[in-house]
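Everything numeric here is computed off the predicted structure, so don't read it as measured data. Just so you know, these numbers use all the heavy atoms, side chains as well, and skip hydrogens, waters and symmetry mates.
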Amino acid sequence: MNNAVHAESVTRKYFKKGKPDKIALDNVSLEIPKGSFYGLLGPNGAGKSTLIRIFSTLLLPSDGRVSVLGYDVKTQANDIRWKISLVAGGEMSGYGLLTVYEQLWMFAMFNGLSNKEAKESINSLIDVVGLNDSKDTKLSELSTGMRQKMNLVRGLMSNPEVLFLDEPTLGLDVEIARDVRSYLKIWMQEGQGNRTVLLTTHYMQEAEDLCDTISIIDEGKILHTGTSEYLKDKSNFDIKYIVKFSKDIDPNFSINNLRIKTIDSKTVEVLIGNSIENSSIFKQIKELENVISIALHKPNLEDTFLALTGKQLIEKI
């Protein structure tokens, strides 16, 4: 078995008396290989959290089949739970009167760690994420960022085979979010192919920075799956030069029949398709009169999402 997670034709409906059924997931199928860092990219309400709750045995599918590490989520949930962890952004796990260390020790006991294993794991991880100075601080006194770091430690200290991350950096400032992403890379490398992560996010940079494979999900459906580069190629988004001039541009301005888009009186976009950078075009532009800057713009995941779904996904990191 090479897949950590296998989902086949998964549907999830929410029922409300007197109202039409709400379809959160619509015939979703995907496979997450063991050892991969897999991303689900989509806006709020796309179905990301519903899918990850099914994978982590917190929710049952209305229809379809799901297995995690070969265990069925409907009939073998307990077998799955000993092998996974879930960290969700903004969660308030624990008790406000307990300190960070006490919280983590309690969760270590819940996960079946011995006292020695718990101490070693907690001390190592709180040092890595920068919580040493806050280990004796009560949960009720922690900032959002510190609390989320504690949640990350809680999710990692049992050394799960599959780690589910549902918007793990939601609401964190840039520096803390960067720390979290950096450590996740290290944690995966140390696993030597025996750890798998599923990340749900609507942060473009996070998905591109961390994930080997990305599925774009919207309105409960998986639209496209592949590497970041594959998705960019599939979007057919134009590579372009953004050219600024020191003087107003002639209305009839052209360059060898290339597509030109006027941004303002002194700025144009020169569209060169979705192929690699064309040095001859750059040379032509560089030799034009009154050029003061030339910037190459290649598609990022935000451009890709817009091209593939027709929707804007706002970057927040």
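Side-chain contact of Ser215 with Tyr38: a donor-acceptor pair under 3.5 Å is present, judged by distance alone. Residues Ser49 and Asp166 have side chains that bring a donor and an acceptor to within less than 3.5 angstrom of each other. For the residue pair Arg195/Asn159, the side-chain donor-acceptor check at 3.5 Å is satisfied.
Not a single donor-acceptor pair under 3.5 Å links the side chain of Thr169 to the backbone N or O of Ala177. Under a 3.5 Å cut-off, the side chain of Ser121 and the backbone N or O of Glu117 do not form any donor-acceptor pair. When atom types are taken as modelled, the side chain of Gln148 and the backbone of Thr144 share no donor-acceptor pair closer than 3.5 angstrom. In this structure, Ser228 contributes its side chain and Glu208 its backbone to no donor-acceptor pair below 3.5 Å. For the pair Asp218 (side chain) and Ala46 (backbone), a donor-acceptor distance under 3.5 Å is absent. In this structure, the side chain of Ser182 engages the main chain of Arg178 through a donor-acceptor pair within 3.5 Å. Checked by atom type and distance alone, the side chain of Asp127 never pairs as donor or acceptor with a backbone atom of Asn123 at under 3.5 Å.
When the side chains of ILVMFWY residues are joined at heavy-atom separations under 4.5 Å, either directly or via intervening members, Val180 and Met157 end up in a single hydrophobic cluster. Note on Val291 and Val270: same hydrophobic cluster, where clusters join Ile, Leu, Val, Met, Phe, Trp and Tyr whose side-chain heavy atoms are under 4.5 Å apart, directly or indirectly. The cluster map of Ile, Leu, Val, Met, Phe, Trp and Tyr, joined by side-chain heavy atoms under 4.5 Å apart, puts Ile292 and Ile281 in different clusters. Linking ILVMFWY residues whenever their side-chain heavy atoms come closer than 4.5 Å, directly or via other members, places Met150 and Met109 in the same cluster. Cluster annotation: Phe110 is connected to Val100 through the hydrophobic network of ILVMFWY side chains, with a link wherever side-chain heavy atoms come within less than 4.5 Å.
Dense packing is recorded around OH of Tyr14, with more than 12 heavy atoms of other residues, nucleotides or ligands lying under 6.0 Å away. Atom NZ of Lys74 sits in a crowded spot, with more than 12 heavy atoms from other residues, nucleotides or ligands closer than 6.0 Å. Other residues, nucleotides and ligands contribute only 12 or fewer heavy atoms inside 6.0 Å of the CG atom of Asp133. Within a 6.0 Å sphere centred on CD of Glu289, heavy atoms belonging to other residues, nucleotides or ligands number 12 at most.
Within the model, atoms OG1 of Thr213 and CD of Glu31 stand 11.5 Å from one another, a figure rounded to the nearest 0.5 Å. Considering CG of Leu165 and CZ of Arg181, their distance stands at 12.5 Å, rounded to 0.5 Å. Annotation: the span from Leu125 atom CG to Tyr183 atom OH amounts to 4.5 Å, rounded to 0.5 Å. Separation of atoms CD (Glu269) and OG1 (Thr262) is listed at 9.5 Å; rounding is to 0.5 Å. The distance from atom CG of Leu258 to atom OH of Tyr241, rounded to the nearest 0.5 Å, is 10.5 Å. Here the straight-line distance linking atom CG of Leu139 with atom CD of Glu102 works out to 11.0 Å at 0.5 Å rounding.
In this view, Phe15 satisfies the ring pair (Phe, Tyr, Trp, His ring centres under 6.0 Å) rule with no residue, not counting sequence neighbours. Under the salt bridge (Lys or Arg N to Asp or Glu O under 4.0 Å) criterion, Lys138 pairs with no residue at all, not counting sequence neighbours. The side chain to side chain contact (heavy atoms under 4.5 Å, CB included) search around Asp264 returns Lys266, Thr267, not counting sequence neighbours. Residues forming a side chain to side chain contact (heavy atoms under 4.5 Å, CB included) with Ser85 (at least two apart in sequence, or on another chain): Ser158, Pro160, Leu163. Tyr101 is linked by a ring pair (Phe, Tyr, Trp, His ring centres under 6.0 Å) to nothing, counting only residues two or more places apart in sequence or in another chain. Considering only residues two or more places apart in sequence or on other chains, Glu161 meets the side chain to side chain contact (heavy atoms under 4.5 Å, CB included) condition with Leu69, Lys83.
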Check step by step if side chain to side chain contact (heavy atoms under 4.5 Å, CB included) holds for Asn2 and Lys34. CA-CA 6 Å; Asn2 295 320; Lys34 279 187 175 180; 5.9 Å; no
Might you work through the side chain to side chain contact (heavy atoms under 4.5 Å, CB included) test for Ile80 and Phe55, ending with a clear yes or no? CA-CA 9 Å; Ile80 294 171; Phe55 292 165; over 6 Å; no
Please assess Leu288 against Gln284 for the test side chain to side chain contact (heavy atoms under 4.5 Å, CB included), listing each intermediate value before the final yes or no. CA-CA 7 Å; Leu288 293 172; Gln284 292 177 57; over 6 Å; no
Could you check Val129 against Leu156 for side chain to side chain contact (heavy atoms under 4.5 Å, CB included), going step by step and ending with a plain yes or no? CA-CA 11 Å; Val129 301; Leu156 292 172; 6.0 Å; no
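The heavy-atom pair separating Met146 from Ser134 by the smallest distance is SD-OG, 4.1 Å. The nearest pair of heavy atoms linking Gly112 to Trp82 is N-CZ3, 4.1 Å. The heavy-atom pair separating Ser265 from Asp248 by the smallest distance is OG-OD1, 3.2 Å. Taking each heavy atom of Pro168 and Thr200 in turn, the nearest pair found is CD-O, 4.0 Å. Closest approach of Ala4 and Val162 over heavy atoms only: CB-CG2, 4.1 Å. The heavy-atom pair separating Arg154 from Val87 by the smallest distance is NH2-CA, 4.2 Å.
In this structure, Asp179 and Lys149 have side chains that are in contact, with non-hydrogen atoms separated by less than 4.5 Å. In this structure the side chain of Leu40 reaches within 4.5 angstrom of the side chain of Leu198, judged on heavy atoms. At a threshold of 4.5 Å between non-hydrogen side-chain atoms, the residues Lys286 and Ile294 count as touching. Looking at heavy atoms from C-beta onward, Lys135 lies out of side-chain contact with Leu131 at the 4.5 angstrom threshold. Here the side chains of Val197 and Trp187 are in contact, with some heavy-atom distance below 4.5 Å. Looking at heavy atoms from C-beta onward, Leu199 lies in side-chain contact with Leu210 at the 4.5 angstrom threshold. In this structure, Ile222 and Ile217 have side chains that are in contact, with non-hydrogen atoms separated by less than 4.5 Å. At least one side-chain heavy atom of Leu184 sits less than 4.5 Å from a side-chain heavy atom of Leu152.
Salt-bridge check for Glu167 with Lys48: passed, with a basic side-chain N closer than 4.0 Å to an acidic carboxylate O. With respect to Asp209 and Lys185, a salt bridge is recorded, a charged nitrogen being found less than 4.0 Å from a carboxylate O.
When Ile54, Ile23, Leu51 are each tested for a side-chain contact (heavy atoms from CB on, under 4.5 Å) with Arg12, only one passes: Ile54.
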